[in-house]
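Structure first, then comments.
Because the structure is a prediction, the values reported are computed rather than measured.
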Amino acid sequence: MPAVSKGDGMRGLAVFISDIRNCKSKEAEIKRINKELANIRSKFKGDKALDGYSKKKYVCKLLFIFLLGHDIDFGHMEAVNLLSSNKYTEKQIGYLFISVLVNSNSELIRLINNAIKNDLSSRNPTFMCLALHCIANVGSREMAEAFAGEIPRILVAGDTMDSVKQSAALCLLRLYKTSPDLVLMGEWTSRVVHLLNDQHMGVVTAAISLITCLSQKNPDEFKTCVSLAVSRLSRIVSSASTDLQDYTYYFVPAPWLSCKLLRLLQCYPPPEDGAVKGRLVECLETILNKAQEPPKSKKVQHSNAKNAILFEAISLIIHYDSEPNLLVRACNQLGQFLQHRETNLRYLALESMCTLASSEFSHEAVKTHIETVINALKTERDVSVRQRAADLLYAMCDRSNAKQIVAEMLSYLETADYSIREEMVLKVAILAEKYAVDYSWYVDTILNLIRIAGDYVSEEVWYRVIQIVINRDDVQGYAAKTVFEALQAPACHENMVKVGGYILGEFGNLIAGDPRSSPLVQFNLLHSKFHLCSVPTRALLLSAYIKFINLFPETKSTIQEVLRSDSQIRNSDVELQQRAVEYLKLSSIASTDVLATVLEEMPPFPERESSILAKLKKKKGPGAVSVNELEEGKREGGELNGGGERGDNSAIAASNASTPSPSADLLGLRTGPPVTAAAPSAGSLLVDVFSEAGFISILFVCKNNGVLFENQLLQIGIKSEYRQNLGRMYLFYGNKTSVQFITFTTTLNVQSKPVEPLIEGGAQVQQVINIECLTDFSDAPLLNIKFRYGGALQNLTLKLPVTINKFFQPTEMASHDFFQRWKQLSLPQQEAQKIFKANHAMDTEVLKAKLLGLGMALLENVDPNPENFVCAGVIQTKAQQVGSLLRLEPNAQAQMYRLTVRSSKDTVSKRLCELLAEQF
Amino acid sequence: MIGGLFIYNHKGEVLISRVYRDDIGRNAVDAFRVNVIHARQQVRSPVTNIARTSFFHVKRSNIWLAAVTKQNVNAAMVFEFLYKMCDVMTAYFGKISEENIKNNFVLIYELLDEILDFGYPQNSETGALKTFITQQGIKGQHQTKEEQSQITSQVTGQIGWRREGIKYRRNELFLDVLESVNLLMSPQGQVLSAHVSGRVVMKSYLSGMPECKFGMNDKIVIDKQGKGGTTDEPGKSGKQSIAIDDCTFHQCVRLSKFDSERSISFIPPDGEYELMRYRTTKDIILPFRVIPLVREVGRTKLEVKVVIKSNFKPSLLAQKIEVRIPTPLNTSGVQVICMKGKAKYKASENAIVWKIKRMAGMKESQISAEIELLPTNDKKKWARPPISMNFEVPFAPSGLKVRYLKVFESKLNYSDHDVIKWVRYIGRSGIYETRC
């Protein structure tokens, strides 16, 4: 801002601000502001026009009040007026107000845009800059729409001043960030790249931010910038610190520009042109060399600027990942920083090394710093630095140093911060698995892990141990022995009990030979932990017990005693109680053969990606662990052992036989709904059978009301009425249980009103379906019902009893009329005939009732034979009307019927014939 | 129990800090300042919990009084104590202001030592406190040992609020019934909520240890008498009695007697005290009726007309009447015409304030105002806050009447007739609002 001359002082504003600052209380401040607002309102309202100075003053006051946190809802117009002033200060205040208080008020936006346009097209650079700043500060979509075309033109125009170019570049960057779709690429793009050659360093710095952002989205269009950037960089790097005068910061030439150039280069692969590449490598080497030089100044700004360039260069080297020489040099440089006094430098060094570790060229070089890193993990005071150290250890781990690193991480875990413990646990578990040479070491490590940080060991970790133990025959015995020993500790973590229970239940027999770990000892050991555990663990232990009965018949009576005790068989927890009851019955009723089949050893788990890795991925978010790292982990995890989750087919035999609830499987692993033929699923099974057989349709052909479906849970009643080609069906869903059905939905391939999503226990809800018959049809509409009962999802598919005959309109006619029409419909495809055996007794009255229910008119005294029935009717569809005639000739001796249907449409005759044949 | 008590000025500087218990650390003082006094958002709750420490505060003009505790105390007790503390300070040195607190800080510490012991409230009766915490400097040489022991026995005795051997030449007694009436009324004149909270304040200058009995037209008492005796007209008494929703008494009132006979009998403290507080919600006499008329003429003009009607005996005079008519936030100019009193637009409060010095009963007066508005780009409609009113009337809006106040002193030779008694009724407005 130009120096404030006397006239610009705005005394009133100064007085107002000092008044507010002197207010003793909030109330006094509000009073003062209210008074001022009223004053400004009366001034703005006043008929005589205000001069620019007072307008500026009042707008300024409003702005100040707004910034104090009060609402301002007027004065916008006055601010817009200020924009068209010729005085810098007035224009500036106007723009300030607009950029702080603008809202998407349509009429004002138009005025503002107009003023900005005027300023942009003016020749005055300060005005242009003000306008550009305002656009960038507001940065809204409306602004982008109005000016996205204009600004690039200003940016590349030859006669634009440097300061304006600078502003224009940054303004365009802002607009591009808010609405990239509105900033269209054009011929200006190539000219923007050439701004890198601009004389003015400020313009280059501003332009490079824009180019970096643009080239991330369209790398191809800006390819040419690479060589320009490299030459610019080399000019800066090789210049003496005094060459760039204004742009030298504490003896470092243009540090910001250098950083930005290096960052821009990170958007592209290494340059293919040899000369360019050579020049770039030279630059990078110079930067690395400079890091070794003694500092030119003791000031922290000097080293900060230098290090900023260095770290940016290192990330470029890592990005290229093709110059082994540079990578190793970078690694050594970082190694020096690992012991630096400055905590921030140590942090950055660890972070960069993490990425270096994943490069094949520098992996070995990184590994040389293992001692330093381990030391950092132990002694670092800042938790975030320790976290980075742990990350680096994880990244640099391979088969050669896995044992050392895992041991170090385990020992650190005992004192680690709570915030990173879970992540550490996961990392230890992954490393132990990934680089396990022998599995006894793996089992030891994981058990140690559970012992040290049991609370942070997530489910996935111990599932994984069990999967690996089950899939590898060679460690089973060792695992059983180790868990047995681990369980002997007076206090052990619940996760340990889980692993112990599972492994002893499966492989207890492998160590039963030793008298110190005889079956009974094993059982007593497990049972001594039983009462200290939570419900899921207890459930797991109960399953382990039943497996014991199978493994060691001699423990049967003891275990049965335990199962029979009131604390199990009458446990208030349903799951435990059910297990106790079922296991007790299973053990007492089933023969040994059955028991052995049911309680067979677990089959190996299918090979899948480690669930722990998935968990770590989720925890750290994408990108935290580098991608190739993950891929590698996946591959290795895959070839070594089984999968994370178990498929339905491997659901444990024991649970299969016993427990219907979905949480029943032995491990509590996530499986789908149980495959057992338990109560809820039985119902749906039954329905499918019914509907496929068309059973329901049969019943409802001659009937409009009744019960459509019923099982233990749900009853569906139906009530329907038809008139001509329209019908309305009421479905009543009755909940037969005392529990709520939730998320109750029905879907139908016919239009229907949605049904209430909740059905209370014992309650009934109604659904209305309107039906219109468009043309003749043979398939009934399907109704799909889904709801949750308890936890289980229930799914039913029913055929709605809508058949073609529902749309019959009875037609009375005399004998000769009937036969005349009968003869008219004599084409062979118009007739459908069926001779079939009677399913029911041939009672005349019943037959009559059924035929009436069909919807046709029953014509008396038409057929010469009084035994025969003759009917006539018209099927009403939207498209057409189909006249139908029917003749039913019962033969009492043979118990047979002959049914003949003639109608004007062949499909109708056929369908009617099929429907009716099932009725008699 | 109260762990400590702090007094701050408006800037949050600590004027008085007295810590009674060890569980309150030094940082508690700052915690309250940072989280309440200097809070970004104005703290409206009088109880604030910061790091498991509860702060109970009241504000008197610019002064904050905060009681601090780590325990789960009875909040009502703490506030009662804080109010008592304010009363005591006012009785000693007048208005509670930063200046007065700074000038009397020794006295305040002395008081704090006396009225709280290890955080438990002790005797906070001003009269009693004044006997041994004096402002006249050291009076040691004038006070005999005997007198001192007398104070001790009195303060710790059964009737801690009155010392023996008080003598007056004229036995006098002043009784004030002070009520504040609260109202919220709809524009159509329907009462949405109304209640009266009242206090009976006494000033007694009586000799000896008199026994007093206070009677008022409490509905329960009147009904009981109406049933028992035949002399009263049941219709009349029923009309004039009032239903008291709830009441509290000064510690001198014998509660057992009130519970059993509903009679209020007590040995009064010497000097000024509050005998009882009560609240009624039924059959309230609303002294004023406000009839608002607001008309929006286009987007830039508003016409307001307000009529007030006084609704009490013409012989009585209401005083200090003030009607506050809120104006929209985009008011740019106001013209007011009123029949009586003075009216002015106060921009700092966004309201038209209309003041009338005196107004007799059964009269009416009106004000009309033209408000010019500045069109704004805000689509928000004006919320129309209610019109509020202040006044003072010389009767009790609840209908409470003092029936008798009898004084018995058996030892000294004066009787009920010798006591000069003064009774005064003052009804003030509390929150007296009419929606418009």
Side-chain angles (χ1 to χ4, degrees), chain A residues 16 19-48 50 55 58-59 61-62 65-81 97-98 100-112 142, chain B residues 8-13 33 36-44 57 59-64 97-99 298-302 324-336 344-353 369-383 385:
Chain A
F16 173 60
D19 273 4
I20 287 202
R21 296 228 166 114
N22 288 336
C23 281
K24 298 231 164 179
S25 64
K26 188 116 188 150
E27 292 74 34
E29 184 186 310
I30 289 172
K31 275 190 172 173
R32 181 69 185 87
I33 285 170
N34 279 338
K35 199 175 150 198
E36 193 59 45
L37 282 176
N39 175 36
I40 298 172
R41 279 195 300 260
S42 65
K43 284 284 175 358
F44 283 173
K45 176 80 183 179
D47 299 322
K48 77 173 169 41
L50 288 168
K55 225 184 254 174
Y58 293 131
V59 168
K61 280 183 182 175
L62 285 180
I65 293 169
F66 178 77
L67 294 177
L68 281 176
H70 302 268
D71 278 341
I72 295 295
D73 51 8
F74 64 97
H76 299 76
M77 201 57 217
E78 282 72 17
V80 173
N81 286 343
F97 187 90
I98 298 296
V100 174
L101 264 134
V102 86
N103 50 12
S104 45
N105 183 319
S106 59
E107 50 185 319
L108 273 183
I109 279 286
R110 213 161 40 78
L111 287 171
I112 293 167
E142 290 80 18
Chain B
Y8 302 85
N9 67 3
H10 72 279
K11 289 181 197 153
E13 290 163 349
R33 176 184 35 243
V36 180
I37 301 179
H38 290 163
R40 225 160 244 256
Q41 297 266 293
Q42 198 188 346
V43 175
R44 305 184 75 173
H57 76 263
K59 215 178 159 196
R60 284 285 176 276
S61 66
N62 273 333
I63 298 297
W64 300 73
S97 66
E98 186 175 349
E99 189 73 15
R299 275 188 72 197
T300 58
K301 207 167 166 192
L302 198 69
R324 176 177 292 267
I325 305 161
T327 54
L329 295 175
N330 55 345
T331 305
S332 60
V334 178
Q335 273 92 48
V336 207
K344 207 179 160 191
Y345 167 58
K346 287 204 170 162
S348 61
E349 291 152 48
N350 280 323
I352 298 167
V353 179
E370 262 184 30
I371 300 172
E372 277 179 77
L373 303 176
L374 188 76
T376 62
N377 41 15
D378 225 4
K379 297 287 178 290
K380 257 185 290 170
K381 246 192 131 206
W382 179 43

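Rounding to the nearest 0.5 Å places CD of A:Glu27 at 11.5 Å from NE2 of B:His10. Atom NZ of A:Lys35 sits about 11.0 Å away from atom NZ of B:Lys346, to the nearest 0.5 Å. A distance of 7.5 Å separates CG in B:Leu329 from CG in A:Asn34, rounded to the nearest 0.5 Å. Taking CE of A:Met77 as the start and CG of B:Leu374 as the end, the distance is 12.0 Å to the nearest 0.5 Å.
For a residue to count as touching a neighbouring chain, one of its non-hydrogen atoms must lie under 4.5 Å from one of that chain's; by this rule A:Asp71 touches chain B with the side chain only.
For A:Lys45 (side chain) and B:Leu373 (main-chain N/O), a donor-acceptor pair under 3.5 Å exists by modelled atom type.
The candidate with the highest count of non-hydrogen atom pairs below 4.5 Å against chain B, out of A:Ala38, A:Ser25, A:Ser42, is A:Ser42.
Within 6.0 Å of CD on B:Glu99 lie no more than 12 heavy atoms contributed by other residues, nucleotides or ligands.
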